[in-house]
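So that the names make sense, note that chain A is the first sequence line, chain B the second, and so on, each numbered from 1.
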Amino acid sequence: MARSNDEVAALLQEYADLISITGGDAFRARVYEKAARAVGGHHADVSTLDLKGLQEIPNVGKSIAQKVREYVDSGSVSAVEELRARIPAGVRRLTAIPTLGPKKAMAVYEELGISSVDELADAIHEERLRDLKGFGPKTEENILHGIELLRSSGGRVRLDVATGLAEDIVAALSAVPGCERCTYAGSLRRGRETIGDIDILVASRKPAPIMRAFTELPYVTEVIGTGDKKTSVRTGKGLNVDLRVVPTDSWGAALQYFTGSKVHNIRTRERAVHQKLKLSEYGLFDVESGDKIVSETEEEVYERLGLPWIPPALREDRGEIEAGLRGALPDLVTEADLRGDLHTHTDLTDGLAPLEEMAEAAAARGYAYYAITDHAPDLAMQRMTDERMLAQRARVRELDGTYPTRGRRGGLRLLHGTELNIGPDGRVDWPDEFLAGFDLCVASVHSHFNQGREALTRRLVRACENPYVNIIGHPTTRLIGRRPGIDADLDAVFAACARTGTALEVNAHPDRLDLRDEDILRARRHGVRFAVNSDAHAVPHLANMRYGIATARRGWLTAEDVINTWPERRLRAFLRKTKP
DNA sequence: GCCGTTTTCGGCCCGACTGTTTTCAGTCG
């Protein structure tokens with residue numbers, strides 16, 4: 001079951017879409033969109049709020065608050081039902097087709113009675129669309145192509161895939177003569193968990209050679225559009241890449257603009273308007289005189305708007321503008337803050353590399369400490385026994401402090417741990433006496449994902465209450481794009497973590513990124529501590545930490561919030577939990 | 001429909017590109 005907030009947000013978004021499709025007031029539609037986002041991101045459950053409490057949510061006024069109450073009380077909203085009755089659900093789905101927006105969707109429905117993607121494809125094959133006003137052969141072709149894209153991909157790729165491609169493109173374009181600066185922006189710079197398309201920004205006085213080099217890159221399969229300021233392509237990975245070329249003195253304004261997010265940009269531009277200024281990708285301008293005020297760096301742009309520079313990870317309109325105005329932006333954790341990794345595997349279970357290689361690679365990363373946490377016996381396929389685990393522990397003790405780690409006195413401190421399995425009833429693999437021998441225990445759910453909400457919640461809370469469980473590993477077990485997170489009452493779990501001194505993992509594997517940014521934000525309000533871990537099963541996986549840190553930053557975490565940035569003594573004290 | 005260091009009414013982010021247009025609407029980010 002989704003949180004009430006998510007259901008209400010989806011309903012408000014649907015209402016906004018229906019207003020747009022029916023040609024309603026565009027500003028009114030936008031307000032519903034803004035309210036949908038605000039409700040989705042609100043910390044308190046809307047089903048527990050009265051009208052007054054609801055109206056404290058930004059962009060929720062009397063009218064929308066009443067609709068939310070109506071939904072919570074009765075399960076539906078009459079105003080939404082009225083529009084649903086006028087517009088078949090299929091018409092709304094048409095707007096998911098690239099190049100087909102609300103206006104065209106309404107036109108094909110009203111003129112031709114089309115209310116599904118299949119009917120639309122048929123109509124195009126029969127050349128019936130081109131007779132409509134504003135439609136022509138090219139429009140038909142574009143829509144048909146859009147339908148193919150919609151059916152084939154569906155869109156977003158993993159953060160690591162997009163990062164790799166973007167870094168290749170930046171390297172290639174940086175080598176083109178006349179390219180003065182080049183970087184990626186957009187959701188990738190903000191570190192979102194999946195990427196819909198890549199935005200590349202170049203500063204240059206001569207765009208043509210850059211645009212040409214861009215369209216000739218080997219992985220480009222199609223050029224969608226091209227001008228002297230902007231070019232868009234599709235790549236073999238099903239990922240679109242947009243390239244914008246701006247004058248060098250516009251770099252800061254352009255970087256700010258193309259980093260987004262859209263909602264953050266709207267907020268910053270609104271601030272500009274209130275100061276009789278205009279903010280675009282070319283700079284911050286005085287409206288009356290047209291004079292450019294600043295444009296060279298992001299810092300100048302924000303400063304002139306009365307704001308400190310805001311880290312890209314925070315630019316989602318989740319309170320960063322208000323925090324900036326109060327001087328209360330968090331000092332976000334960085335990869336350099338990390339002193340160790342607290343969840344890793346070796347070839348004793350399902351890892352690929354032996355303990356020695358993993359430890360050596362960890363030392364090379366400059367860590368001060370490193371935990372080996374192989375699987376415990378309840379994951380039967382891992383064939384773990386007490387003897388094998390104790391033999392590994394003896395080897396860990398031998399190797400402790402023997403790997404020189406740069407910039408630190410003494411060698412890499414090795415911690416011997418395990419990744420326990422949280423059983424259906426919340427119990428873990430070993431009895432307390434055996435668990436007491438570990439330096440730390442991660443505990444994770446690996447099966448029985450579909451127990452009811454109450455059972456799953458109890459299960460996780462019970463794991464937190466185990467005095468030997470230090471970290472809940474990949475807390476929701478979601479796999480991005482493949483498996484949803486378990487349906488537990490996460491707020492209850494977060495409260496249990498805070499109460500028992502159990503940390504929540506931010507699993508850095510790009511398939512997981514679990515907890516996700518929004519859940520981190522909620523957990524943080526409970527006073528929970530976090531561990532950003534690679535869950536490495538091979539040496540190269542240790543470097544996935546960058547994605548975990550990106551996610552932690554999106555969750556507003558500081559080094560203080562993350563236990564594996566702490567000095568070893570403080571970490572070990574935390575791991576003693578509530579035990580005497 | 002929401003909101004207010006101009007305002008309780010009158011605003012509401014800005015520009016690039018495309019395809020259809022004889023000067024602009026729609027879509028996208």
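Side-chain atoms of A/D242 and A/S232 include a donor-acceptor pair closer than 3.5 Å.
Of the two residues contacting DNA chain B, namely A/D25 and A/F258, the nearest-nucleotide position lying further toward the 5' end is that of A/D25. Nearer to the 5' terminus of DNA chain B, by closest-nucleotide assignment, is the contact made by A/N59 (compared with the other of A/N59 and A/D199).
B/dA25 and B/dT20 have their P atoms separated by 16 Å, with the value rounded to a whole Å. Comparing the same atom, C1', in B/dT8 and in B/dC2 gives a spacing of 12 Å after rounding to whole Å. The same atom, P, is picked in B/dC13 and in B/dC3; the two are 14 Å apart, to the nearest Å. Nucleotides B/dG11 and B/dT7, compared at atom C1', are 9 Å apart to the nearest Å. Remark: the separation of the C1' atoms in B/dT18 and B/dC12 is 27 Å, to the nearest Å. Nucleotides B/dT22 and B/dA16, compared at atom P, are 23 Å apart to the nearest Å. Rounded to whole Å, the separation between the C1' atoms of B/dG19 and B/dT23 comes to 14 Å.
Ring planes of A/Y302 and A/H264: tilted class, angle from 30 to 60°.
In this structure, the CG atom of A/L11 is 16 Å from the C1' atom of B/dG1, given to the nearest Å. When rounded to the nearest whole Å, the span between NZ of A/K276 and P of B/dC12 equals 11 Å. Across the protein-nucleic acid pair, A/N265 atom CG and B/dC28 atom P stand 18 Å apart, rounded to whole Å. Atom CG of A/L18 and atom C1' of B/dG1 are 16 Å apart (whole Å).
A/I64 comes within 4.0 angstrom of sugar-phosphate atoms only, judged by non-hydrogen atoms across all strands, and of no base. Contact annotation for A/K278: backbone-only contact, meaning every heavy-atom pair under 4.0 Å involves sugar-phosphate atoms and none involves a base.
One N or O on the side chain of A/D514 and one on the backbone of A/T477 form a donor-acceptor pair closer than 3.5 Å. No donor-acceptor distance shorter than 3.5 angstrom exists from the side chain of A/S74 to the backbone of A/Y71, with no hydrogens or angles considered. For A/E119 (side chain) and A/S115 (main-chain N/O), a donor-acceptor pair under 3.5 Å exists by modelled atom type. A donor-acceptor pair is defined here as one N or O able to donate and one able to accept, closer than 3.5 Å; such a pair exists between the side chain of A/N5 and the backbone of A/V46.
Scanning for side chain to side chain contact (heavy atoms under 4.5 Å, CB included) contacts around A/V273 gives an empty result, with sequence neighbours left out.
Minimum atom distance to the side chain of A/S63 is reached by B/dG1, of the listed B/dC12, B/dG1, B/dC14.
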Pairs under 3.5 angstrom, nitrogen or oxygen only, protein versus nucleotides 16-19 of chain B, please.
| from | atom 1 | to | atom 2 | distance (Å) |
| --- | --- | --- | --- | --- |
| B/dA16 | OP1 | A/Y282 | OH | 3.1 |
| B/dC17 | OP1 | A/K229 | N | 3.3 |
| B/dC17 | OP1 | A/K230 | N | 2.9 |
| B/dC17 | OP1 | A/K230 | O | 3.4 |
| B/dT18 | OP1 | A/T226 | N | 3.1 |
| B/dG19 | OP1 | A/N142 | ND2 | 3.4 |
| B/dG19 | O3' | A/T139 | OG1 | 3.2 |

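Donor-acceptor pairing under 3.5 Å, judged by distance alone, is absent between the side chain of A/Y15 and the base of B/dG1.
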